[in-house]
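Remember, it's 1-based here, ligands and their atoms both numbered in the order they're listed.
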Amino acid sequence: MDFSKIAAMAAGHAEARAIQTAVRLGLFDALASEACDAVALARVIRCEPRATAILADALASLGLLEKNSARYSLSAGTARHLVAASPEYLGGMILFDAALWDEWGRLEDAIRTGRAVRDPDMFQSDPAATERFIRAMDSLVRARGDAGWTAAHLNLARTRSMVDLGGGPGTYLIEFLRKYPELRGELWDLPGALAIARRILKERAADVIDRIELRQFDYHRDPPPTRVDAVFLSNIIHSENERDNLRLMHTCYQTLNPGGFVAIKDHVMDDAMTTPASGAVFSLYLLLTTCGRDYSFTEIERWLAQAGFAAPELIPLPTPPFSSSIITAVRP
Ligand SMILES: C[S@@+](CC[C@H](N)C(=O)[O-])C[C@H]1O[C@@H](n2cnc3c(N)ncnc32)[C@H](O)[C@@H]1O
């Protein structure tokens, strides 16, 4: 690897922080309707003009803004992903990342101790943090298109009932129900997350809301209250340790009717644990904030087999933009 690449990576926090700060300040929203110069921009976002120009120039140098005759405007990608009114807004995820700045500053502690640097409570103990977390999942999945891709490629034609376990905002379940009118879905999650899901469903899923049941369920404690044809878990196993993931696979098995299947969507690592690279780096975030990490197909397949599942299959999503895979397995 050459000098420039190493140096750019090592200073990547500056670029990340510039984007996070611009989203927090509403800078992209301020430019959504018309181009303006730094003085006008500073007035709208209530900041100091010279400093605003420095930030806007940095964003223009990164290709996030265009600059013509001292006036700044949005680039096409920025208008699509960084303006709050866009359906593909990534800002929810960016604000969540911004809120974890202090945790990243303690990565050295996590590596030395092997423990998370915050209570690994899945952001459930403070309603504002829960909302930021759940909106981040929704924002990332909608901006990247994971839910649409998954609904198009996971065959649910013979599935009548499904649980989205740890379904969070319900982004996937909404797409599944839209594609399959015969399907009924249950979203099982912790109470704080369910409160946000309820709001999101009202905001934009009026067409399917009568086919979704929200159920309070802690997969560490509760026995499955019902049985269904399919259990979907997206971005769940990466927050749990190896022992709890094996237990979780048993819970999925008990939740399924015979002949039903589980679908696990996550980063699925190779045996060397270095590919995909985004998964290997994401494991650092998981180390900081959870008891988990990203796992390999070999590890996940082993838990599935130990829980009684058969016929595991790996479906990688196309890269880019995706970086995850889906593993399916059947309850005989
Ligand atoms: C990373 S989010 C994934 C949300 C959603 N599945 C997605 O992919 O967009 C993890 C979800 O698991 C939920 N969760 C965490 N611990 C849980 C538990 N013990 N029981 C049930 N849900 C849990 C969280 O509230 C959150 O909604």
Side-chain angles (χ1 to χ4, degrees), residues 90 92-93 96-97 99-100 116 118-151 154 162-176 185-201 205 212-225 230-241 243-245 247-252 254-255 262-268 279 282-283 285-286 288-295 317 322-327:
L90 184 60
M93 189 67 208
F96 177 66
D97 276 336
L100 291 172
R118 70 188 302 283
D119 179 11
D121 66 347
M122 297 306 290
F123 306 95
Q124 305 287 321
S125 40
D126 163 33
T130 309
E131 171 138 26
R132 189 162 50 227
F133 174 53
I134 298 299
R135 297 262 177 203
M137 302 306 115
D138 187 44
S139 153
L140 175 63
V141 167
R142 291 175 79 208
R144 198 168 50 192
D146 298 60
W149 193 96
T150 306
L154 193 65
M162 169 182 242
V163 165
D164 188 353
L165 185 49
T171 324
Y172 287 92
L173 199 49
I174 293 169
E175 290 303 318
F176 296 152
E186 296 203 8
L187 193 159
W188 295 1
D189 210 309
L190 301 171
L194 290 180
I196 314 300
R198 204 163 282 122
R199 239 177 280 153
I200 289 177
L201 292 175
I212 301 185
E213 186 170 336
L214 301 187
R215 217 190 268 261
Q216 190 172 318
F217 181 78
D218 181 341
Y219 57 65
H220 286 306
R221 295 203 179 90
D222 299 329
V231 175
F232 181 70
L233 294 102
S234 166
N235 293 329
I236 300 302
I237 61 170
H238 67 211
S239 299
E240 305 297 342
N241 64 25
R243 187 204 55 196
D244 286 342
N245 276 327
R247 281 177 27 197
L248 190 52
M249 294 306 112
H250 281 288
T251 302
C252 292
Q254 287 154 10
T255 306
V262 64
I264 300 169
K265 182 174 181 295
D266 224 302
H267 285 122
V268 177
F282 186 67
S283 283
Y285 151 78
L286 297 170
L288 289 171
T289 60
T290 74
C291 301
R293 63 169 166 85
D294 282 323
Y295 295 98
L317 274 67
F322 304 109
S323 53
S324 58
S325 301
I326 299 171
I327 296 176

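A donor and an acceptor atom, one from each side chain of T171 and D138, are located under 3.5 Å apart. Side-chain contact of D146 with T150: a donor-acceptor pair under 3.5 Å is absent, judged by distance alone. Judged purely by distance below 3.5 Å, without hydrogens or angles, the side chains of T290 and H238 never pair a donor atom with an acceptor atom.
Residue-ligand proximity, I236 to ligand 1, at heavy-atom distances under 4.0 Å covers atoms 10 (C), 11 (C), 12 (O). Atoms of ligand 1 found under 4.0 Å from any heavy atom of H220 (numbered from 1 in listed order, with element): 19 (N). Of all atoms in ligand 1, listed by their number and element, those nearer than 4.0 Å to a heavy atom of G168 are 27 (O). Set against the non-hydrogen atoms of S234, the atoms of ligand 1 under 4.0 Å away are 3 (C), 5 (C), 6 (N), 7 (C), 8 (O). Atoms of ligand 1 lying under 4.0 Å from at least one heavy atom of I134, given by number and element, are 27 (O).
Relative ring orientation between F96 and F133 is described as tilted, the plane-to-plane angle lying within the 30° to 60° band.
Contacts between A193 and ligand 1 below 4.0 angstrom, taking non-hydrogen atoms only, involve the side chain exclusively. Contact annotation for Q124 and ligand 1: only side-chain heavy atoms (C-beta onward) come within less than 4.0 Å of the ligand. At a heavy-atom cutoff of 4.0 Å, ligand 1 is contacted by the backbone of F217 but not by its side chain.
Annotation: G166 places an N or O atom under 3.5 Å from an N or O atom of ligand 1; distance criterion only. Residue Y172 has no N or O atom closer than 3.5 Å to an N or O atom of ligand 1. Between D218 and ligand 1, an N or O atom pair is found at a separation short of 3.5 Å. Considering backbone and side-chain atoms together, D164 places no N or O closer than 3.5 Å to any N or O of ligand 1.
Considering only non-hydrogen atoms, atom 13 (C) of ligand 1 lies nearest to D189 out of T171, T130, D189. Heavy-atom proximity to atom 9 (O) of ligand 1, evaluated over M137, K265, H238, is greatest for M137.
Here the heavy atom of the protein found nearest to atom 16 (N) of ligand 1 is Y219 OH, 3.4 Å. The protein non-hydrogen atom at the shortest distance from atom 15 (C) of ligand 1 is M122 CG, 3.6 Å. Nearest non-hydrogen protein atom to atom 1 (C) of ligand 1 is N235 O, 3.3 Å.
Looking only at side-chain heavy atoms (C-beta outward), M137 and Y172 stay at 4.5 Å or farther from each other. Side-chain contact between I264 and I326: absent, with no pair of heavy atoms (C-beta onward) separated by less than 4.5 Å. Contact of the M249 side chain with the Q254 side chain is not registered, since no non-hydrogen atoms from C-beta on lie closer than 4.5 Å. In this structure the side chain of F217 never reaches within 4.5 angstrom of the side chain of V163, judged on heavy atoms. The shortest side-chain heavy-atom distance between M122 and T289 does not fall under the 4.5 Å cut-off. For the pair D189/L214, no side-chain contact is recorded, criterion being any heavy-atom separation below 4.5 Å from C-beta on.
A distance of 8.5 Å separates OG of S324 from CH2 of W149, quoted to the nearest 0.5 Å. Distance check, rounded to the nearest 0.5 Å: NE2 of H267 to CZ of R293 gives 14.0 Å.
Put simply, part of F133 is less than 4.0 Å from ligand 1, judged by heavy atoms. Heavy atoms of L190 come nearer than 4.0 angstrom to ligand 1 in at least one pair.
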